[in-house]
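For reference, the structure discussed in these notes is given below.
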Amino acid sequence: MIDIKKLRDNPELVKQALRKRGYDLDVSLFSRLDGSRKSLQVDVENLQAERKKLSAEFGKLKSSGDPTDELKKIINSKNDKLSSKEDELQIIISQIDSFMLDMPNIPDDSSPEGSDESENVVIKKYGKIISTNKLDHLEITADIDTDLASKLAGSRFSVLKGDIAKLQRSLISFMLDNAIKNGYEEYYVPFMANTDSLIGTGQLPKFEQDLFKANENLYLIPTAEVPLTNLFRDEFLNEDDLPIKVTSHTPCFRSEAGSYGKDTKGLIRQHQFEKIELVQITHPDNSMTCLNELLSNACQILDALKLPYQVIELCKGDLGFSSAKTFDIEVWMPSQNKYREISSCSNFTDFQARRANIKFKNKDGNYYVHTINGSGLAAGRCLIALLENNYNGSDSIKVPSCLIQYFGSDTIKIN
RNA sequence: GGAGAGUUGGCUGAGUGGUCGAAAGCGCCUCCCUGCUAAGGAGGUAACUGGGCAACUGGUUCGAGGGUUCGAAUCCCUCACUCUCCGCCA
């Protein structure tokens with residue numbers, strides 16, 4: 001949620017900033033709503049103040065034994081007026097609330113201009129593309145079984161067997177240990193989240209169709225960003241404790257509504273996948289520095305795995321709903337002959353902090369923190385990148401040296 | 001699943017119809033004292049929000065939502081959550 005004061009004071013400025021990400025802000029609707037809010041609120045508060053005074057008088061009359069009938073009549077008629085005004089005000093306020101909740105974050109000035117992904121900017125390339133392998137991960141190993149998964153659950157699920165399952169587990173352990181080494185505290189969290197949490201991080205109310213709903217108030221998490229960030233919801237944090245760095249490995253669940261026909265084969269786009277998430281709760285003064293640190297924390301994984309990748313900076317038009325600035329890390333997928341997203345590292349500035357009410361106090365006042373997060377990394381996609389890049393073309397896959405201590409061997413034999 | 005207790009400020013916790021946005025303690029801030037530190041003393045310190053250039057001045061909020069009442073942290077109803085005991089269970 002953006003600062004409503006900013007919107008009141010500079011609606012045109014906000015409108016222009018949001019236009020760059022393709023959002024058309026209805027300024028006249030907002031000023032109409034906010035105008036009615038203002039006059040109604042003044043009326044309501046005046047009536048409330050009057051009632052307070054009259055009720056106190058009533059109490060005095062009552063205790064001195066004087067008649068109260070006349071005053072009661074006056075108060076009652078004021079109350080009638082008050083409650084109808086209150087109802088009107090309530091309606092306007094809830095309209096303003098949903099207006100604000102539907103509005104995306106304002107892009108950071110430093111994000112490149114552009115209207116869609118074609119205008120994203122490559123800012124770093126790492127590693128040499130050496131694999132000439134054309135086989136995809138399903139063709140390389142039979143131990144990734146999507147047919148079996150469809151018997152169990154349906155399309156967009158997978159069953160991993162034997163060394164492949166173990167390799168994914170090794171990746172997860174390596175990534176977590178790396179995060180811990182970088183100062184993140186590991187958490188184990190619920191894989192379901194309530195609506196307040198999902199509103200806090202920005203998935204609700206706008207993107208309900210992307211989530212799996214378990215019951216009236218519970219959803220499967222689409223990313224550990226949700227539980228990790230909401231650990232701090234409605235908290236006052238210690239300014240000296242910032243930045244707070246936390247991490248967790250969780251499965252992530254996405255309905256992938258609207259992605260029919262996209263990435264239908266293999267593990268690229270699944271309803272359920274494993275991910276290590278990095279989250280930082282930062283001081284607003286240095287959140288961009290923290291974002292760069294988090295980005296390099298994520299890149300370290302691919303460096304260690306020796307997988308070719310590139311980092312791109314999203315242009316304003318391609319930013320996610322809650323983000324002010326985003327770097328995507330894309331790993332080389334030989335079978336597709338292109339880079340695919342394996343992490344998205346974003347600075348949400350105070351957007352999530354406002355929704356989730358995460359603040360710190362110092363002697364000058366109360367301030368919203370900034371929130372930063374990114375995958376470090378998506379384990380499923382990392383697994384297939386590893387298989388495809390490290391396949392020897394016939395019968396084995398090389399295990400990178402950083403994983404050997406977890407996996408227990410330097411090669412995977414395949415049939 | 002059964003029975004009971006609870007949810008109050010940054011934290012602990014008192015408060016059963018008006019004098020309560022709320023005692024006390026902790027924490028924090030300012031000052032005094034002290035060679036330094038510790039201890040001690042004085043004062044200050046909830047959040048959100050409206051109006052106003054400002055000084056300032058209103059309103060809301062005691063888990064959430066309804067109700068009773070001139071007036072609700074306090075009484076009634078519904079719901080959520082937490083804890084304890086019993087049952088069941090990985």
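We name chains A, B, ... by the order of the sequence lines, and we start the count at 1 in each one. Computation of the quantities below employed the complete heavy-atom set of this structure, encompassing side-chain atoms and omitting hydrogens, waters and symmetry-equivalent molecules.
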| task | Please say which of A:Leu167, A:Leu171, A:Val399, A:Asp177 ends up in a side chain to side chain contact (heavy atoms under 4.5 Å, CB included) with A:Tyr406. | result | A:Asp177
| task | Look at the side-chain N and O atoms of A:Arg8 and state whether any lies under 4.0 Å from the OP1 or OP2 oxygen of B:rG50. | result | yes
| Contact under 4.0 Å: A:Asn79 side-chain N or O vs B:rG71 OP1/OP2 | yes
| request: Look at the side chain of A:Ala49 and decide which nucleotide, out of B:rA46, B:rC70, B:rG59, has an atom nearest to it. | output: B:rG59
| Whole-angstrom distance between B:rG17 and B:rC28, as gauged at atom P | 37 Å
| Under 4.0 Å between a side-chain N or O of A:Lys72 and OP1 or OP2 of B:rU69? | no
| query | B:rU74 and B:rA24: how far apart are their P atoms, nearest whole angstrom? | reply | 23 Å
| task | Tell me the partner of B:rC81, counting only Watson-Crick (N1-N3 plus N6-O4 or O6-N4) or G-U wobble (N1-O2 and O6-N3) with both under 3.5 Å; none if nothing fits. | result | B:rG6
| Base, sugar-phosphate alone, or nothing: which one does A:Asn46 contact when heavy atoms must sit under 4.0 Å apart? | nothing
| Checking all strands, does A:Asn217 fall into the base, sugar-phosphate, or nothing category for heavy-atom contacts under 4.0 angstrom? | nothing
| query | Which is true for A:Lys359 with a 4.0 Å heavy-atom rule: it touches a base, it touches only sugar-phosphate, or it touches nothing? | reply | sugar-phosphate
| field | Any donor-acceptor N or O pair under 3.5 Å, side chains A:Ser323, A:Thr326 | value | yes
| task | Considering only atom C1', compute the distance from B:rG44 to B:rA38 and round it to an integer number of Å. | result | 23 Å
| query | Does the pair A:Asp210/A:Arg254 count as a salt bridge with the N-to-O cut at 4.0 Å? | reply | no
| task | May I ask you to decide if A:Asn182's main-chain N or O and A:Lys245's side chain share a donor-acceptor pair within less than 3.5 Å? | result | yes
| request: Flag this pair as yes if the NZ/CZ of A:Lys206 is under 6.0 angstrom from the six-membered ring centre of A:Phe321 and inside a 45 degree cone about the axis; otherwise no. | output: no
| When rounded to the nearest Å, what value does the distance between P atoms of B:rG10 and B:rA46 take? | 9 Å
| query | Reckon A:Lys60 has a side-chain N or O less than 4.0 Å from the OP1 or OP2 of B:rU19? | reply | no
| query | So, is A:Lys38 close to the B:rG50 phosphate, meaning a side-chain N or O under 4.0 Å from OP1 or OP2? | reply | no
| query | Expressed as a whole number of Å, how far does the P atom of B:rG21 sit from that of B:rG71? | reply | 16 Å
| message | Looking only at side-chain N and O atoms, does A:Tyr391 offer a donor or acceptor that is under 3.5 Å from a partner on A:Lys398? | response | no
| Is the phosphate of B:rU60, meaning OP1 or OP2, less than 4.0 Å from a side-chain N or O of A:Lys52? | yes
| remark: Result for 5'-nearest mapping on RNA chain B, choosing between A:Val42 and A:Asn76, is A:Val42
| task | Any strand is fair game: report the nucleotide pairing with B:rC88 by Watson-Crick or G-U wobble, both distances under 3.5 Å, or none. | result | none
| message | On RNA chain B, compare the nucleotides closest to A:Asn366 and A:Glu235; which residue's is nearer the 5' end? | response | A:Glu235
| query | What distance, rounded to whole Å, do you find between the two P atoms, one in B:rU61 and one in B:rU12? | reply | 23 Å
| query | Taking the side chain of A:Lys361 as heavy atoms from C-beta outward, which of B:rG51, B:rG18, B:rA46 is closest to it? | reply | B:rA46
| request: Rounded to whole angstrom, note down the P distance from B:rU60 over to B:rA72. | output: 10 Å
| query | Closest to the A:Gln48 side chain: B:rU60, B:rG51, B:rG18? | reply | B:rU60
| task | Determine the interatomic distance between P on B:rG59 and the same-named atom on B:rA5; round to the nearest Å. | result | 37 Å
